[in-house]
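Comments concern the structure below.
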Protein chains: 2
Amino acid sequence: MSDSKPSQHEEKKTTSLRERKKHQAKADIEEAALRLFHEKGYEQTSIQNIADAVMMSSRTFFRYFASKEDVLLGFIRKAQRDGIRSLNQIETTALPHVALREVFESLAIEYQKQRSNLQIRYQVAMQTPSISSMFLYSLLESEPAICDALYSRLENANVNEIRFLVAIYMASFRVSVEKWLENEKNSDLVSLLNDHLDYFLTMPIGNNRL
Amino acid sequence: MSDSKPSQHEEKKTTSLRERKKHQAKADIEEAALRLFHEKGYEQTSIQNIADAVMMSSRTFFRYFASKEDVLLGFIRKAQRDGIRSLNQIETTALPHVALREVFESLAIEYQKQRSNLQIRYQVAMQTPSISSMFLYSLLESEPAICDALYSRLENANVNEIRFLVAIYMASFRVSVEKWLENEKNSDLVSLLNDHLDYFLTMPIGNNRL
DNA sequence: AGTATAATGTCAGTGTATGACAAAAGTCAA
DNA sequence: TTGACTTTTGTCATACACTGACATTATACT
């Protein structure tokens, strides 16, 4: 505003001023929103509150995020999508169990990178039923995509078997993530997941019942 | 209104007129809502549309249902709750696998009773992302309750083990329900579930990998 | 019948979300 | 720097989901 002169040199780099501002605005919204959600609770925080905090109109909020929920969970969906990319690197000759182990391990690694970020979102989500459903959904919504990808890549794969196995692995992953986020001590999601999968794969089952 | 005279005899039976009217109103709302959801889609149907269809004010709608979503999924939550009641009949000496098998079998039986009703709700839910998340949640939200009940009833139970097992069984149940509702042919959820569980319990795993 | 009680309608208000259009800011070339 | 062009933002209007408050109507009870 009252600056002497705008210097039109230095960083032109890769992104334009416009791009940088957009990126910053989105980051600002997300930061303010998470802070407010954490302080006052998700439902107690209105879009207007968030917009006020970053000094923009509430209409502009919706130009950066599709919904209030998107601010909280869009990040998780992205992590989920990124993690699933590893599917394309799986050999078509791999066994379903090997492929699934790889998929969910890379997903776990992706999650691991964002622990604190995920944790605060998880905490907020768990305090609001309508949001915990969306959190759950953000984990499970990629299940069909994983099934499709596995089915198209693996030779001699059975659709129903794949679908069932993916659901089982997904459940293991979900419980691992929940435990991991609930307890500060559990810093290593990957080994937590592997423990679960190992346990699941070596369970002495089918004998001690019926 | 223009009736000659209200007869104050005949059916006094068990419920009062007031109770019967309330029950009828709720049933009317639910029926109209499901019909409209099916015809126009969930999001394309407003509360006002539903209220108009049963000739009441939209305010009254909310005296029977907590939300629009409640009309669609309250039924499922109820079935879920009813099915879980069987938990209390489990002996404290039962093995977790036996107990879980029983719990989910009785849940399946409860679902089975309401196939067509569940099917239309499932179809509507699947057409709307925000609602499919709630559908998913209505299945999974009872997971903690099952864990708690099992843990308190079974001797020598390990919390983490229970939690993990319940999640696995829940995933099997979910996939069974989905397959059951997707295909008209699959009329028997109980055997579908048992097939899945048997498959899961006898899987040749842990050997053919790593 | 008349009074108490419960259900319903009306009205006003909050919050989420979206379309339309005007105002402001960034971009680029002369 | 100016001026034209594009993108972003603000403002306004609107729709829908939901809630509280209060008046109105219908059932219940004696």
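Values below: every heavy atom of this structure, side chains too, minus hydrogens, waters and symmetry copies. Every chain is numbered from 1, with letters handed out A, B, ... down the list of sequences.
- Of the candidate nucleotides D/dA28, D/dT9, C/dG19, D/dT9 has the atom nearest to the side chain of A/T60.
- Atom NZ in A/K22 sits roughly 14 Å away from atom P in C/dG26 (whole-Å rounding).
- Side-chain contact between B/W180 and B/D188: absent, with no pair of heavy atoms (C-beta onward) separated by less than 4.5 Å.
- In this model, the phosphate group of D/dT8 is not approached by any side-chain N or O of A/Y64 to a distance below 4.0 Å at OP1 or OP2.
- Considering only the side chain of A/F62, C/dA17 comes nearest among C/dA17, C/dG9, D/dA17.
- For A/K68 and C/dG15, the shortest distance from a side-chain N or O to OP1 or OP2 is not below 4.0 Å.
- Residue side chain B/R63 reaches the base of C/dG9 through a donor-acceptor N/O pair under 3.5 Å, judged by distance alone.
- B/Y122 has its ring centre less than 6.0 Å from the ring centre of B/F135.
- Taking a cutoff of 4.0 Å between a charged side-chain nitrogen and a carboxylate oxygen, B/R35 and B/E30 do not qualify as a salt bridge.
- Here the C1' atom of nucleotide C/dT27 and the CZ atom of A/R20 are 13 Å apart, to the nearest Å.
- Using a 4.0 Å heavy-atom criterion, one finds that A/S58 contacts no nucleic acid atom at all.
- Residues B/F173 and B/Y111 bring their aromatic ring centres within 6.0 Å.
- For B/L17, the side-chain atoms get nearest to D/dT27 when compared with the rest of C/dT27, D/dT19, D/dT27.
- Note: NZ (B/K26) to P (C/dT8) measures 12 Å, nearest angstrom.
- Under 4.0 angstrom from either OP1 or OP2 of D/dA15 there lies no side-chain N or O belonging to B/S46.
- Rounded to a whole Å, the CD1 atom of B/I47 is 18 Å from the C1' atom of C/dT10.
- Separating the CZ atom of A/R59 from the P atom of C/dT16 is a distance of 14 Å, rounded to the nearest angstrom.
- Among the protein residues, A/S57 comes within range of the nucleic acid bases, having at least one heavy atom under 4.0 Å from a base atom.
- For the pair A/D52 CG and D/dG10 P, the computed distance is 11 Å after rounding to whole Å.
- Between the CZ atom of A/F61 and the P atom of C/dT16 there is a distance of 9 Å, given to the nearest Å.
- In this structure, a donor-acceptor pair under 3.5 Å is absent between the side chains of B/E43 and B/T128.
- If you take CG of A/D70 and P of C/dA17, they are 9 Å apart, rounded to a whole angstrom.
- A/R18 contributes no side-chain N or O that forms a donor-acceptor pair with the base of D/dT8 under 3.5 Å.
- Along DNA chain D, the nucleotide nearest to B/K21 and the one nearest to B/F65 differ in position, and the one closer to the 5' end is contacted by B/F65.
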